[in-house]
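Notes follow once the structure below has been shown.
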2 protein chains.
Amino acid sequence: MRATIYDVAREAGVSIAAVSQVLNGKGKISEERRNEIFRVMAKLNFQPSVIAAALTGKKTYTLGLLVPDISNPFFAEIARAVEDQVHGLGYSLMICSTDNKDDRLERYLTLLQQKSVDAVIIGTGIQDTQMLAPLLSKGMPTAMIARETPNMDVTTVVANDFAGGAAAARHLLALGHTHIAVVAERSRVRSSLERIRGVRHTLVEAGLSLPDDLVKYSGDALIKDGKYKAMELLQCEEAPTAIFCCNDLLAIGALQAAKDLSIRVPEDLSIVGFDNTILAAVADPPLTTVAQPTDVMCKTVVELLMQQLKHQSPVNRRIVLEPELVARQSTSAPRASNTGHQTT
Amino acid sequence: MRATIYDVAREAGVSIAAVSQVLNGKGKISEERRNEIFRVMAKLNFQPSVIAAALTGKKTYTLGLLVPDISNPFFAEIARAVEDQVHGLGYSLMICSTDNKDDRLERYLTLLQQKSVDAVIIGTGIQDTQMLAPLLSKGMPTAMIARETPNMDVTTVVANDFAGGAAAARHLLALGHTHIAVVAERSRVRSSLERIRGVRHTLVEAGLSLPDDLVKYSGDALIKDGKYKAMELLQCEEAPTAIFCCNDLLAIGALQAAKDLSIRVPEDLSIVGFDNTILAAVADPPLTTVAQPTDVMCKTVVELLMQQLKHQSPVNRRIVLEPELVARQSTSAPRASNTGHQTT
DNA sequence: TTGAAAGCGTTACCAA
DNA sequence: TTGGTAACGCTTTCAA
């Protein structure tokens with residue numbers, strides 16, 4: 001069994017209160033007593049129980065981090081950034097993959113509450129506005145990152161998805177594309193919707209349009225679905241000369257679709273991704289994509305959350321950071337009068 | 001404040017013992033009382049505190065998962081597989097990135113103990129054999145995955161790294177390569193060492209050799225260092241015609257090095273990775289790599305650990321699964337009498 | 001400067 | 001069947 005403060009107290013011939021004080025650097029304990037207690041703690045390999053401390057009102061030093069899928073490099077990178085941000089403060093992360101499913105989200109949310117995490121960082125979309133109510137009403141410090149829920153009064157740090165989509169569209173427009181399609185995540189993912197809105201807005205401003213049948217929504221298997229949806233797009237009568245994908249995984253799928261159909265990228269088809277994950281840099285050809293300032297975003301949520309933990313009062317700020325287009329080699333000017341690549 | 005069993009008991013006009021029993025489905029409670037209690041729990045939105053329960057000897061339903069870096073797709077994929085494996089059982093994962101640093105490992109190990117996790121899964125190398133002693137001696141169920149520590153009596157599930165390295169070497173040999181080099185992780189990473197041993201063994205068996213100066217060890221920035229080390233290799237007098245990289249990230253770096261030096265892959269240089277992460281499939285050209293059976297591995301550790309949790313006694317089995325070479329397009333026969341590609 | 005004792009939210013044992 | 005109550009390991013008054 002693990003040693004407790006009782007063991008330490010007995011061994012050191014003092015009361016448990018003394019041990020507790022030494023542990024927390026509080027109260028006044030004489031030098032010698034303090035040293036003696038430290039000695040015994042080391043000797044017994046005493047590890048104070050965070051559990052027991054938490055029960056008395058102290059923190060658990062554990063944060064919940066909810067993402068759609070930790071194996072998606074974008075979220076893995078976010079997780080790492082958040083981890084690095086809080087590790088020095090003694091916090092650990094409980095990472096939960098929701099698959100964008102409300103039931104999984106709910107399950108994890110109650111689990112995290114029952115496990116008394118100090119705060120929750122949510123990087124996954126939320127459909128049901130009421131989902132967070134239980135958390136918030138109990139005063140759980142909560143913040144959203146990279147995703148947001150409208151009409152929810154909760155601290156939020158996001159990239160400007162609309163602007164990101166618009167930047168992608170402008171890039172494509174500048175290259176001369178006029179026939180642009182979109183592959184998005186399931187239509188419930190708001191950030192995807194915002195990105196599409198950005199694209200559409202920009203196209204309309206340029207006198208073009210983005211008809212609904214040129215927007216395809218994928219399921220959960222991002223790469224595979226991205227490929228499948230891109231195929232649909234590329235095999236129709238009036239195939240687009242450029243596809244904007246709402247994340248890098250989908251873009252990778254589109255890349256594969258093009259390869260399978262012997263459509264050259266970027267000569268015959270331009271593809272733009274989103275997130276600027278490592279995949280974008282590694283893909284063939286390297287993917288033009290929209291980068292979110294993930295490091296700043298992570299740093300910011302953690303700061304906001306820590307404030308909230310300290311002041312006990314919700315901060316509820318909404319911070320929007322600007323994304324940036326990273327041009328690589330998956331985009332170029334369309335070939336002259338290129339109306340499509342039917343591959344019967 | 002959150003509702004407690006006291007609140008529920010008072011509201012339902014029963015004792016806390018009754019509430020506790022209902023909560024755990026134990027003891028004998030009359031139907032009506034039980035239903036009434038359930039009603040009150042729902043009404044109060046009562047969430048039992050795992051913390052408090054843990055203090056009385058029950059489990060925390062939390063597992064620690066230690067990996068070198070959660071943003072490395074290989075480990076992110078492992079994390080996801082483990083998560084899926086345990087989620088149904090009510091467990092959450094505390095994920096910790098060690099960067100292969102012993103001090104970070106140690107820090108996290110004591111943190112996890114203090115937070116009373118039920119078990120620890122270690123997917124990161126351990127240099128100091130004594131590092132796990134405190135854990136093990138306190139009876140913490142522990143298992144290693146994808147990494148191992150020799151002379152440590154602890155449950156282990158690994159891929160046969162030696163065989164993996166050998167498979168890579170045989171593949172290269174079969175293609176006709178005779179001048180093969182290696183880029184490895186820092187020399188402290190045992191699995192890397194085993195893979196190299198496999199390569200060397202196979203080369204020697206074929207009448208060739210793997211001189212030490214053809215084995216380069218990277219630092220922590222895997223891709224960048226992989227690139228840098230590959231450059232060193234490629235720019236020397238007798239550049240190799242093939243490079244085996246101890247993981248996909250390093251291989252990606254090697255790919256970049258080749259690109260920078262205008263060396264064509266696979267025509268002028270073959271590259272083999274390890275892990276078969278998503279990066280390998282996405283790279284340009286797609287990477288020939290050695291796949292570990294990660295899903296089976298994860299499933300197995302979890303089963304072993306759950307046994308250990310149930311029977312209270314360490315299982316300490318060592319399970320070795322066979323890896324498999326996945327041939328893609330980063331390897332081919334060397335060009336005839338190709339002795340090197342000086343790029344002075 | 002030190003110690004005794006009252007919680008914190010559960011569980012589990014023992015009476016009733 | 002039920003309820004009272006002593007743990008569990010720690011923090012935090014409050015006295016001494």
Side-chain angles (χ1 to χ4, degrees), chain A residues 1-38 40-41 44-62 90 110-111 113-118 138-139, chain B residues 1-38 40-41 44-62 90 110-111 113-118 138-139:
Chain A
M1 271 297 104
R2 277 167 50 177
T4 72
I5 44 173
Y6 286 97
D7 301 321
V8 176
R10 188 175 347 100
E11 187 83 5
V14 301
S15 76
I16 60 165
V19 179
S20 175
Q21 274 166 230
V22 168
L23 212 50
N24 297 285
K26 292 188 176 173
K28 311 262 166 240
I29 304 276
S30 63
E31 269 300 297
E32 35 180 357
R33 251 163 165 0
R34 172 189 308 291
N35 288 140
E36 169 63 7
I37 291 176
F38 271 132
V40 175
M41 293 201 305
L44 264 40
N45 190 234
F46 167 69
Q47 304 273 22
S49 160
V50 171
I51 294 287
L55 198 52
T56 73
K58 289 187 68 166
K59 295 186 292 188
T60 54
Y61 288 94
T62 302
T110 83
L111 227 44
Q113 273 181 269
Q114 298 183 346
K115 292 181 179 174
S116 303
V117 296
D118 293 335
K138 278 178 204 119
Chain B
M1 270 296 106
R2 276 167 49 177
T4 71
I5 45 173
Y6 285 98
D7 301 321
V8 176
R10 188 175 347 99
E11 187 82 6
V14 300
S15 75
I16 60 163
V19 179
S20 176
Q21 274 166 233
V22 168
L23 212 49
N24 297 285
K26 291 186 178 177
K28 312 263 166 235
I29 303 277
S30 64
E31 269 300 298
E32 36 180 358
R33 254 165 165 357
R34 171 189 309 292
N35 288 140
E36 169 63 8
I37 293 177
F38 271 132
V40 175
M41 294 202 303
L44 264 43
N45 189 236
F46 167 69
Q47 304 274 21
S49 161
V50 172
I51 294 287
L55 196 53
T56 72
K58 289 187 67 166
K59 295 187 292 187
T60 54
Y61 288 94
T62 302
T110 83
L111 226 46
Q113 273 182 269
Q114 297 182 347
K115 292 180 181 177
S116 303
V117 296
D118 293 335
K138 277 178 206 120

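- Using a 4.5 Å heavy-atom cutoff, the side chains of A:Ile5 and A:Phe46 are in contact.
- Here A:Arg33 reaches the OP1 or OP2 of C:dT2: one of its side-chain N or O atoms lies under 4.0 Å away.
- Atom-to-atom, NZ of A:Lys59 to P of D:dT11 comes out at 14 Å; the value is rounded to the nearest Å.
- Atom P of nucleotide D:dC10 and atom CD of A:Gln47 are separated by 11 Å, given to the nearest angstrom.
- Taking every heavy atom of both residues into account, A:Arg2 and A:Asp7 meet most closely at O-OD2, 4.0 Å.
- When rounded to the nearest whole Å, the span between CG of B:Asp7 and P of C:dC8 equals 11 Å.
- Rounded to whole Å, atom P of C:dT1 lies 10 Å from atom CD of A:Glu31.
- Closest approach to the A:Thr56 side chain among C:dT2, C:dA12, D:dG9 is made by D:dG9 (side chain taken as heavy atoms from C-beta onward).
- At a threshold of 4.0 angstrom between heavy atoms, the contacts of B:Gln114 with the nucleic acid are absent.
- Here A:Ile29 lies in heavy-atom contact (under 4.0 Å) with sugar-phosphate atoms only.
- Contact of the A:Met41 side chain with the A:Leu23 side chain is registered, since non-hydrogen atoms from C-beta on lie closer than 4.5 Å.
- Between the CD1 atom of B:Ile37 and the P atom of C:dT10 there is a distance of 14 Å, given to the nearest Å.
- Of all nucleotides listed (D:dG3, C:dT10, D:dG9), C:dT10 comes nearest to the side chain of B:Thr4.
- Between A:Arg2 and D:dC10 there is no side-chain polar atom (N or O) within less than 4.0 angstrom of OP1 or OP2.
- Counting only heavy atoms from C-beta outward, the side chains of B:Asn24 and B:Lys58 approach each other to under 4.5 Å.
- What you find for B:Leu111 and A:Gly90 is that their closest heavy atoms are CD2-O, 3.9 Å.
- The phosphate of D:dT2 has OP1 or OP2 within less than 4.0 Å of a side-chain N or O from B:Ser30.
- Summarising the geometry, the separation between CZ on B:Arg34 and P on D:dT1 is reported as 10 Å, rounded to the nearest angstrom.
- The distance from atom CD1 of A:Ile5 to atom C1' of C:dA4 is 13 Å, rounded to the nearest whole Å.
- The side chain of A:Lys58 contributes no N or O atom lying less than 4.0 Å from OP1 or OP2 of D:dC10.
- Between the side chain of A:Thr60 and the backbone N or O of A:Ser116, at least one donor-acceptor pair lies under 3.5 Å.
- Of the residues in residues 9-23 of chain A, those lying under 4.0 Å from DNA chain C by heavy-atom distance are A:Val14, A:Ser15, A:Ala17, A:Gln21.
- The side-chain heavy atoms of B:Lys115 and B:Thr62, taken from C-beta on, include no pair separated by under 4.5 Å.
- Separating the CG atom of B:Leu55 from the C1' atom of D:dT11 is a distance of 13 Å, rounded to the nearest angstrom.
- If you check D:dG9, C:dT11, C:dT10 against the side chain of B:Tyr6, the one that comes closest is C:dT10.
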